*Asks:* 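Before we start, here is the structure in question, set down as structure tokens.
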Amino acid sequence: MVANDTVITLKGSVEIVTEFFFTAINSILYQRGIYQPETFKRESKYGLTVLTTTDQGLLSYLSQVMAQMESWLTDGDVQRLVVVVSGIDSGETLERWQFNVSVEDGKLNATVSGRNDENLSHNVMKVSGDGTKQKGGKSVKEVHDEIQAIIRQITASVTFLPLLNEPCSFDLLIYTNKTAVVPEKWADSDPQYIMNSQEVKLRSFTTSFHKLDSMVTYKEADEWDL
């Protein structure tokens, strides 16, 4: 964990982005009822009370994903993370929570290409269910304040997203550069788009090295055939 008053290094930036992903995924799973509320515990983070799963299988899965995410972020290979919420009965994609990652000012000596164009070359992976140079810039406290605003928006999502009227599951899709080394257990996936979807842009945050933009797209309730 990076101290609040320190200047952010590459390693610290990777830790901040990875921790945000972990917290955001947990918040989505809780707020959208993908896992039972009694399987979450309350923790203090970013000046907020956040919910974290106590389900050991889910914790193990997320830990594996976050460990790989740290490696890819350090190498500048991550383009985006997408949390896909799908209906178990209908098989339809109902929500896509998308978090786009870009490298600030060409840092890491890498260009993350194709961030906003699905037709450009990239890998899309779905996980099987089973540098420290210091830069001037923002403090961790400033970044955490920006992250707090995003987590608040995820929490408030129940006020504008349609009810999920069937049991749902989730997938994690990670878009990487073609040069990224992909573990054997990870499989290629289609983007799992939503036809005729609505989109809500959420807040963004930046560190000294990474910028992260977020949005959620969803299927309108009156189009559902449940």
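All residue numbers refer to positions in the sequence shown, counting from 1. Side chains are part of it too, since the values below use all heavy atoms of this structure and drop only hydrogens, waters and symmetry mates. Values in this document were obtained by computation on a predicted structure and should not be read as measured data.
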*Asks:* State whether the side chain of Ser63 and the backbone N or O of Leu59 hold a donor-acceptor pair below 3.5 Å, judged by distance alone.
*Replies:*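 Yes; judged by distance alone, with no hydrogens or angles, the pair exists.
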*Asks:* Would a single hydrophobic cluster contain both Ile194 and Ile34, if residues Ile, Leu, Val, Met, Phe, Trp and Tyr are joined by side-chain heavy-atom contacts under 4.5 Å?
*Replies:*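 Unlinked, Ile34 and Ile194 end up in two clusters.
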*Asks:* Taking only residues two or more places apart in sequence or in another chain, which ones pass salt bridge (Lys or Arg N to Asp or Glu O under 4.0 Å) with Glu70?
*Replies:*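 With neighbours one apart ignored, the set is empty.
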*Asks:* Can you see whether Ser13 engages Thr207 through a side-chain donor-acceptor pair at a distance of less than 3.5 angstrom?
*Replies:*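 Judged by distance alone, the side chains do pair up.
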*Asks:* Using a 4.5 Å cut-off on heavy atoms from C-beta on, say whether the side chain of Leu81 contacts that of Ile25.
*Replies:*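 They are in side-chain contact.
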*Asks:* Could you grab the distance from atom OG of Ser214 to atom CD of Gln153, nearest 0.5 Å is fine?
*Replies:*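 Taking OG in Ser214 and CD in Gln153, the distance rounds to 6.5 Å.
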*Asks:* Given side chains that start at C-beta, do those of Leu173 and Val84 come closer than 4.5 Å, heavy atoms only?
*Replies:*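 They are in side-chain contact.
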*Asks:* Could you give all pairs that pass the ring pair (Phe, Tyr, Trp, His ring centres under 6.0 Å) test and reach residues 75-99, with sequence neighbours left out?
*Replies:*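 As it turns out, the ring pair (Phe, Tyr, Trp, His ring centres under 6.0 Å) pairs with a partner in residues 75-99, which skip direct neighbours, are Phe20-Phe99.
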*Asks:* Can you tell me how far CD of Glu146 sits from NZ of Lys211, rounded to the nearest 0.5 angstrom?
*Replies:*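 Going from NZ on Lys211 over to CD on Glu146, the span is 10.0 Å.
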*Asks:* State yes or no: do Val82 and Met215 share one hydrophobic cluster built from I, L, V, M, F, W and Y residues joined by side-chain heavy-atom distances below 4.5 Å, directly or via other members?
*Replies:*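 No: no chain of side-chain contacts under 4.5 Å links Val82 to Met215.
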*Asks:* Using a 4.5 Å cut-off on heavy atoms from C-beta on, say whether the side chain of Leu51 contacts that of Asn26.
*Replies:*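 No. Closest side-chain heavy atoms not under 4.5 Å.
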*Asks:* Roughly how far, to the nearest 0.5 Å, is CD of Glu166 from CG of Leu94?
*Replies:*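 Nearest 0.5 Å value for the CG-CD distance: 5.5 Å.
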*Asks:* Can you see which heavy atom on Arg32 is nearest to which on Val158, and at what distance?
*Replies:*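 Answer, listing the atom of Arg32 first, then Val158: NH1-CG1, 4.0 Å.
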*Asks:* How about Leu172 and Val83: do any of their side-chain heavy atoms sit closer than 4.5 Å?
*Replies:*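 Side chain of Leu172 against side chain of Val83, heavy atoms only: contact under 4.5 Å found.
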*Asks:* Can you find a pair of side-chain heavy atoms, one from Tyr30 and one from Thr155, that are under 4.5 Å apart?
*Replies:*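 Contact flag for Tyr30/Thr155 side chains = no.
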*Asks:* Could you pull out all residues at least two apart from Tyr35 that satisfy ring-ring contact (aromatic ring centres under 6.0 Å, His included)?
*Replies:*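 Scan of Tyr35 (ring-ring contact (aromatic ring centres under 6.0 Å, His included), adjacent residues dropped) gives none.
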*Asks:* Please identify each residue that fulfils side-chain hydrogen bond (donor to acceptor under 3.5 Å, both in side chains) with Thr206, with sequence neighbours left out.
*Replies:*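 Listed in chain order: Lys138.
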*Asks:* Quick one: CE on Met66 to CG on Leu73, what's the gap to the nearest 0.5 Å?
*Replies:*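 If I round to the nearest 0.5 Å, the distance is 9.0 Å.
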*Asks:* Pair Glu220, Asn196 - check side chain to side chain contact (heavy atoms under 4.5 Å, CB included), show working.
*Replies:* CA-CA 8 Å; Glu220 294 233 64; Asn196 302 316; over 6 Å; no
*Asks:* Atom OG in Ser90, atom NZ in Lys219: separation rounded to 0.5 Å?
*Replies:*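 Spacing of OG (Ser90) from NZ (Lys219) equals 7.0 Å.
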*Asks:* What's the shortest heavy-atom distance between Glu95 and Tyr218, and which atoms?
*Replies:*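 That closest heavy-atom pairing would be CG-CB, 4.1 Å.
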*Asks:* Is there a path of hydrophobic side-chain contacts, each under 4.5 Å between heavy atoms of I, L, V, M, F, W or Y residues, that connects Phe205 with Leu48?
*Replies:*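 Yes; tracing contacts between hydrophobic side chains, which count when under 4.5 Å, links both residues.
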*Asks:* Under the side-chain hydrogen bond (donor to acceptor under 3.5 Å, both in side chains) rule, collect the residues that match up with Thr52, sequence neighbours excluded.
*Replies:*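 Residues passing side-chain hydrogen bond (donor to acceptor under 3.5 Å, both in side chains) with Thr52: Glu43.
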*Asks:* Parallel, tilted or perpendicular: which one describes the rings of Trp186 and Trp72, with boundaries at 30° and 60°?
*Replies:*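 Geometry flag for Trp72 against Trp186: perpendicular rings.
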*Asks:* Please find the pair of heavy atoms, one from Gln192 and one from Ser189, that lie closest to each other, and give the distance.
*Replies:*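 Shortest heavy-atom contact: NE2-OG, 3.5 Å.
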*Asks:* Who pairs with Asp55 by salt bridge (Lys or Arg N to Asp or Glu O under 4.0 Å), at least two apart in sequence or on another chain?
*Replies:*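 If we apply the salt bridge (Lys or Arg N to Asp or Glu O under 4.0 Å) test to Asp55, skipping adjacent residues, there are no hits.
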*Asks:* Supply the atom-to-atom distance Thr176 OG1 to Gln79 CD, rounded to the nearest 0.5 angstrom.
*Replies:*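 If I round to the nearest 0.5 Å, the distance is 6.5 Å.
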*Asks:* Looking at Thr54 and Thr39, would you say the former's side chain and the latter's main chain have a donor-acceptor pair under 3.5 Å?
*Replies:*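 Side chain of Thr54 to backbone of Thr39: a pair is present.
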*Asks:* Whether the side chain of Asn177 engages the backbone of Gly76 through a donor-acceptor N/O pair (distance < 3.5 Å, no angle test) should be reported.
*Replies:*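 Checking the backbone N and O of Gly76 against the side chain of Asn177, a donor-acceptor pair under 3.5 Å is found.
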*Asks:* Do you know the tightest heavy-atom contact between Cys168 and Gly87?
*Replies:*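 Where Cys168 meets Gly87 most closely, the heavy atoms are SG-CA, 4.1 Å.
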*Asks:* If you define the side chain from C-beta out and look only at heavy atoms, does anything of Arg203 sit under 4.5 Å from Ile151?
*Replies:*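 No, side chains not in contact.
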*Asks:* Give a yes or no on whether the backbone of Tyr46 and the side-chain of Gln148 come within a donor-acceptor separation of less than 3.5 Å.
*Replies:*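 At least one qualifying donor-acceptor pair exists.
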*Asks:* What I'd like to find out is whether the side chain of Val17 reaches to under 4.5 Å of the side chain of Phe209, using heavy atoms alone.
*Replies:*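 No, too far: nothing below the 4.5 Å cut-off.
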*Asks:* Are any side-chain N or O atoms of Asn100 and backbone N or O atoms of Asp213, one a donor and one an acceptor, separated by less than 3.5 Å?
*Replies:*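 Such a contact is absent between Asn100 side chain and Asp213 backbone.
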*Asks:* Do Ile147 and Leu212 make a side-chain contact, defined as non-hydrogen atoms from C-beta onward lying under 4.5 Å apart?
*Replies:*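 No. Closest side-chain heavy atoms not under 4.5 Å.
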*Asks:* Pick out which of Val50, Val65, Leu62 makes a side-chain contact (heavy atoms from CB on, under 4.5 Å) with Phe22.
*Replies:*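 Among the candidates, only Leu62 passes.
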